[in-house]
Amino acid sequence: MNLQSIYDIYYDRVIRYIRSKVNDSHLTEDICQDVFLKIQSNLNTLKDETKLEAWIFKIARFTVI
């Protein structure tokens, strides 16, 4: 799966997740951008595409922290 497809499918869910953890709209957008940059940088390390969603939200969780 390419980054554009991942972005199209998961952006809304990722942004909602981050919003639920961060009470600042600008910071939420910045964190979301960081999440998708990390996804782009590390997409080649994902061995099992069936674990994509869990992997994305793990990245989001650690980026928020």
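Position 1 is the first residue of the sequence; numbering continues from there. Here the structure is a predicted model, which means the values were calculated and not measured.
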Rounded distance (nearest 0.5 Å) linking atom [atom1] of [X] with atom [atom2] of [Y]:
X   : Y   : atom1 : atom2 : value
C32 : L27 : SG    : CG    : 11.5 Å
E49 : I6  : CD    : CD1   : 7.5 Å
L52 : L43 : CG    : CG    : 7.5 Å
F36 : Q4  : CZ    : CD    : 10.0 Å
Y10 : I39 : OH    : CD1   : 9.5 Å
K51 : K58 : NZ    : NZ    : 10.5 Å

Can you tell if the side chain of [X] reaches within under 4.5 Å of the side chain of [Y], non-hydrogen atoms only?
X   : Y   : result
K21 : T28 : no
I59 : N42 : no
R13 : I56 : no

Task: Test item: side-chain donor near acceptor, N2 and S5, under 3.5 Å - done: yes
Task: In one Ile/Leu/Val/Met/Phe/Trp/Tyr side-chain cluster, 4.5 Å: F62, Y17 - done: no
Task: Joint hydrophobic cluster, W55 plus L37, side-chain heavy atoms closer than 4.5 Å - done: no
Open item on the list: With a 6.0 Å cut-off (strictly less than), is the heavy-atom count around CG of D48, excluding the residue itself, greater than 12?
Closed with: yes
Task: I18 and its side-chain contact (heavy atoms from CB on, under 4.5 Å) partner, picked from T63, D30, V64 - done: V64
Task: Flag, side chain of Q40 to backbone of L3, donor-acceptor distance under 3.5 Å - done: no
